[in-house]
Amino acid sequence: MDMVSFLSATVVAGTPLLYATLGEILTEKSGNLNLGVEGMMLIGAVAGFISAYTTGSPLFSIGMAMIAGAAGALVYTFLTVSLRANQVVTGLTLTIFGTGLSSFLGQKYVGQVVPDNVKNFFKPLNIPVLSNIPFLGKILFSHDILVYLSIIIAIALGIYLYRTSVGLNLRAVGENPSSADAASININLYKYINLMLGGAICGLGGAYLSLVYVPTWQENITSGRGWIAVALVIFASWNPYKAIIASYLFGGLDIIGFRLENAVISKYFLDMLPYLGTIVALTVFSAKKSRKNSPPKHLGLPYFREER
Amino acid sequence: MKERVPLISVKNICKSFGTVKACNNINLEIYEGEIHTLLGENGAGKSTLINILSGVYMADRGSITLMGEEIKLSSPKDSIKYGIGTIYQHFKLVDAMTARENIILGQKISFRKMRDVDLKIAELCSKYGIELELDKHVEDMSVGEKQNLEILKVLFRGAKVLILDEPTTVFTPQETEKLFNIMRKMKKAGCAVIFISHKMDEVMKISDRITVLRKGETVKTLIKNETNPKELTELMVGAAIDLSIKKVDAKIGRQILKISNLKVNDDDGTNVIKDISFSVREGEILGIAGIAGSGQRELCEAIAGVRGVKHGEIVFDGEHLEGKNPREFIKRGISLGFIPEDRLGMGLIGTMDMVDNLLLKSYQTEDGILINRKPLAKKALELVKKLDIKTPGINYPIKNLSGGNIQKILLGRELGLKPRLLIMAYPVRGLDITRVILFTI
Ligand SMILES: Nc1ncnc2c1ncn2[C@@H]1O[C@H](COP(=O)(O)OP(=O)(O)O)[C@@H](O)[C@H]1O
Ligand SMILES: [Mg+2]
């Protein structure tokens, strides 16, 4: 097997996971556990695909995918933040809703292919100079723009969370909303903005699948990647930089099945690897407790100012 | 003083939680350059009033005026905007962040200006004699350090009205004196200081005027120099009472508990109890003193069997108990009436009602698979009557009760089990004066 092309494909396979993981990191850092990642990805995927199919505009499609993901997150945010509904139940519902909605809207597009000009727009681009580096150049620097965008978003998110005062405030909201509130931070405003941003990024992850990775419409195109992303958030200990590595690792597990087609190991076993990896990673990482990899303290809990 | 406009004044403030009237027509006037103490038993509504002034709670009725102009406080942000700085009764700190991060939280400060921030903090620290490591994480701090950080937070933002809700409970006398110096400096700078404390000596030392609250109502505002502790106490309680403690004579019997060379770790694995030995005899009260966070909690938990012992022996009535599970401790009549800072942390479950909380400790002695709530419901009613517990009903989640009432439930349950050894940490914190007398008799 060709190592360079395998690793290069790993990065591509890891990219939808990276988007979803980053979206969920931003969401959880605001103190909300949104299990609707899978749903938001699917809504984004179908919105992106239909837009591309009908208009042929790649940028418009990406925009629609993000708006669709953010809209899903908006419903979730309204229910959990403004109405203080249970976050787990609401998130699960969002996943079920997103799955249903995407199958319904995508019904007549099953098997259809993304228009050529859109495909062209997302073809791999060699970054000058860097892509000529032996070995690494091919693996890291000759991809489509959405791969680069995901890395840029990861780095931007890291800077936002750890190097800006707005990011500091956001982390405080997720850790201890009553302290943040007392420090004059507008809790609901922060949650609405960041949860919707998180949803938009998840939607983008879905669109990556339907526009670039597959790029045909098929039902349930995410096939559980949203759930793996929820686990990757823990694996990456809520750190956007680590999310890059974690996503590529799982991207690799995802494609190893195709690559070892004629190997002695059962194909079913190989297909199981990402999920097995998820379980192992979660077990190992939740056992090791430290300040660096613990979840935001108020994750999953509603905040009501007058509650004791 | 009369012609001056009060810096802040509160008129007819009312606030209810469900059926509890926490504040009922509170009236208060606070002037520049005065230290004004709020005095009242636990549950009198002091913290509720503070929270209304800080924008945390919305008053049901009433008005607040600042320098003669009515203001609306609908969030903590508003109150900060009007120059009200509050140190809350319970820490409002983000554990996972450093002292510095907690100080700048919620303010528009560019991370590149951090040097200026450090300079300003250093200036405040030396001016007020506070010591604090800026890079230390809050979760690594002692309670005293946390309180200093809270003070620094308010000083950093600057305040025209400084509110301190029981700030001294976690302080040593020296630390308290430092805080008083800060308060005096603020007063001299023309600020109004609102201070809450339960310690009568502190109140008499620092206050200019004192307002007594009772059951959510303002009883009276007095000038410190024209009153005395006895009068204040009577106003607080609403009746003349005898403050002296009567000590009962008990026959000192044989040794019942012996602790030798005990070593215990806290939750983070730090050794907090280092080689402690003592013994207790029947009919004896052993007092353990020390400022908060010196390991009292860990010691109590170890003796009650809920915390593992690292080294050493716990001998109860001739029997080694170290390493046994808590049920063995309970069976032998060791009872823990532990009242941690938040009161609900140990022994009681806030979302459960009184009956269930009583059940927690006695269900094991019942026969059969199903639990019978009837006898305990009866017992709960008895407790309510005997200890005068204020609750809408025995099936009401206890977390909504006032601290003092929660305490009574805990003590009532533990005493009802007729323990042979009763361990109590901060048993009187949160109890009103009449109640304390009842228990010590
Ligand atoms: N957030 C809340 N929810 C329900 N009840 C509350 C809340 N805050 C205070 N109370 C109730 O209001 C009363 C006054 O409490 P508080 O103001 O804390 O008293 P103090 O500070 O004087 O000890 C108590 O009975 C308490 O149980
Ligand atoms: Mg209070």
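Here is how names work: the chains are called A, B, and so on, in the same order as the sequence lines, proteins then strands, and each is numbered from 1.
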Do the charged groups of B/Arg100 and B/Asp118 touch, with an N to O distance under 4.0 Å?
yes
Steps toward side chain to side chain contact (heavy atoms under 4.5 Å, CB included) verdict (A/Val129, A/Phe141)
CA-CA 9 Å; A/Val129 189; A/Phe141 301 111; over 6 Å; no
By residue number, those in residues 145-159 of chain B with heavy atoms under 4.5 Å from heavy atoms of chain A are B/Arg157
Subject >> Ion pair check, A/Arg84 and A/Glu307, cut-off under 4.0 Å >> reply: no
Self-check item: Residues A/Tyr303, A/Val173; criterion side chain to side chain contact (heavy atoms under 4.5 Å, CB included); working and verdict
Solution: CA-CA 10 Å; A/Tyr303 174 63; A/Val173 169; over 6 Å; no
Residues 47-59 of chain B vs chain A, non-hydrogen distance cutoff under 4.5 Å, contacting residues -> B/Gly55, B/Val56, B/Tyr57, B/Met58
Applying a strict 4.5 Å limit to non-hydrogen atoms, the region of A/Phe304 in contact with chain B is neither
Comparing A/Asn186, A/Asn176, A/Asn169 against chain B, the one with the most heavy-atom pairs below 4.5 Å turns out to be A/Asn169
Under 3.5 Å donor-acceptor, A/Thr164 side chain and A/Gly167 backbone = yes
From the list A/Pro296, A/Ala180, A/Ser165, the residue making the most non-hydrogen contacts under 4.5 Å with chain B is A/Ser165
Under 4.5 Å between any side-chain heavy atoms of A/Glu306 and B/Phe17, yes or no? yes
When the 4.5 angstrom heavy-atom criterion is applied to A/Ser178 and chain B, the contacting part is both
Assert top hit (heavy-atom pairs under 4.5 Å, partner chain A, pool B/Val94, B/Ile80, B/Leu105) equals B/Leu105
Item to complete: May I ask you to check whether A/Glu38 and A/Thr95 show a side-chain donor-acceptor distance below 3.5 Å?
Response: no
Bottom line for B/Lys113: the part with an atom under 4.5 Å from chain A's heavy atoms is neither
Hey, what's the ring geometry for A/Tyr19 with A/Tyr208, parallel, tilted or perpendicular (30° and 60° as the breaks)?
-> tilted
Between B/Asp356 and B/Ile349, is a side chain to side chain contact (heavy atoms under 4.5 Å, CB included) present by the stated rule, with each step listed?
-> CA-CA 9 Å; B/Asp356 286 343; B/Ile349 295 178; over 6 Å; no
- prompt: Under 3.5 Å, is there a donor-acceptor pair between the side chain of A/Asn34 and the main chain of A/Glu28?
  reply: no
Test B/Thr391 against B/Ile389 for side chain to side chain contact (heavy atoms under 4.5 Å, CB included), laying out the working first. CA-CA 6 Å; B/Thr391 168; B/Ile389 297 171; 4.0 Å; yes
Would you call B/Phe195 and B/Pro167 a side-chain contact if the rule is heavy atoms closer than 4.5 Å?
yes
